[in-house]
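In what follows, a single structure is set out as structure tokens and then discussed.
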Amino acid sequence: MVRIDGLAAETGWSRKRLWSRFRSQIGLSPKRAAKLVRFDHAAHRLVAGESTAGVAAEAGYADQSHLHRDVMAFTGATPAAVAGEPFLVVDDIAWPGAHPG
């Protein structure tokens, strides 16, 4: 949830240079990488049994339909289908406190 301008200022680089270096090192733009990280967190929360509306609100999506569009774009499935995927089992080490209980 860090803004590019703030990160650039912290590194002492221009926004353009930060964007270029990030892309060359990671292979994605900072915006695309942030979108993937947000989606990953949301997908794990869905698997943990949280409501779609709650996940959307807490993960920084504008609304539930925004989350739905990202889930469809990344997986080709609905949030409900993703929630039932066993390969997304929440890991307490990687996702501490991510699941209810």
Original post:
With sequence neighbours left out, what residues match His68 under ring pair (Phe, Tyr, Trp, His ring centres under 6.0 Å)?
Top reply: none

Original post:
Once you round to the nearest 0.5 Å, how far does OG of Ser20 lie from CZ of Arg15?
Top reply: 13.0 Å

Original post:
Which atom names give the shortest non-hydrogen contact between Trp19 and Ile4, and what distance separates them?
Top reply: CZ3-CG1, 4.1 Å

Subject >> Plane angle bin for His66 and Tyr61 - parallel if under 30°, tilted between 30 and 60°, otherwise perpendicular >> reply: perpendicular

Original post:
Between OG1 of Thr52 and CG of Leu46, what distance do you get to the nearest 0.5 Å?
Top reply: 5.5 Å

Subject >> For the student: nearest non-hydrogen atoms of Ala59 and Ala42, plus distance >> reply: CB-CB, 4.3 Å

Subject >> Minimum side-chain heavy-atom gap Leu67-Phe39 below 4.5 Å >> reply: no

**OP:** To the nearest 0.5 Å, tell me how far Leu36 CG sits from Asp70 CG.
**Re:** 9.0 Å

Original post:
Roughly how far, to the nearest 0.5 Å, is CG of Asp5 from CD of Glu10?
Top reply: 13.0 Å

Original post:
If you look at every heavy atom in Val47 and Val82, which pair is closest and at what distance?
Top reply: CG2-O, 3.6 Å

**OP:** Apply ring pair (Phe, Tyr, Trp, His ring centres under 6.0 Å) to Phe22 and list each qualifying residue two or more places apart in sequence or on a separate chain.
**Re:** none

**OP:** Might you point out which heavy atoms bring Ser29 and Arg23 nearest each other, and give the distance in Å?
**Re:** N-NH1, 3.1 Å

Subject >> Side-chain (Thr75) to main-chain (Val71) donor-acceptor, under 3.5 angstrom >> reply: yes

**OP:** Report the C-alpha separation of Thr11 and Arg21 in whole Å, then their side-chain angles, then the decisive distance to 0.1 Å, and conclude whether the side-chain contact (heavy atoms from CB on, under 4.5 Å) test is met.
**Re:** CA-CA 12 Å; Thr11 62; Arg21 295 292 305 239; over 6 Å; no

**OP:** Any chance you could measure His41, atom NE2, to Glu58, atom CD, to the nearest 0.5 Å?
**Re:** 13.0 Å

**OP:** Of all the heavy-atom pairs spanning Met72 and Thr78, show the shortest one and how long it is.
**Re:** SD-N, 3.6 Å

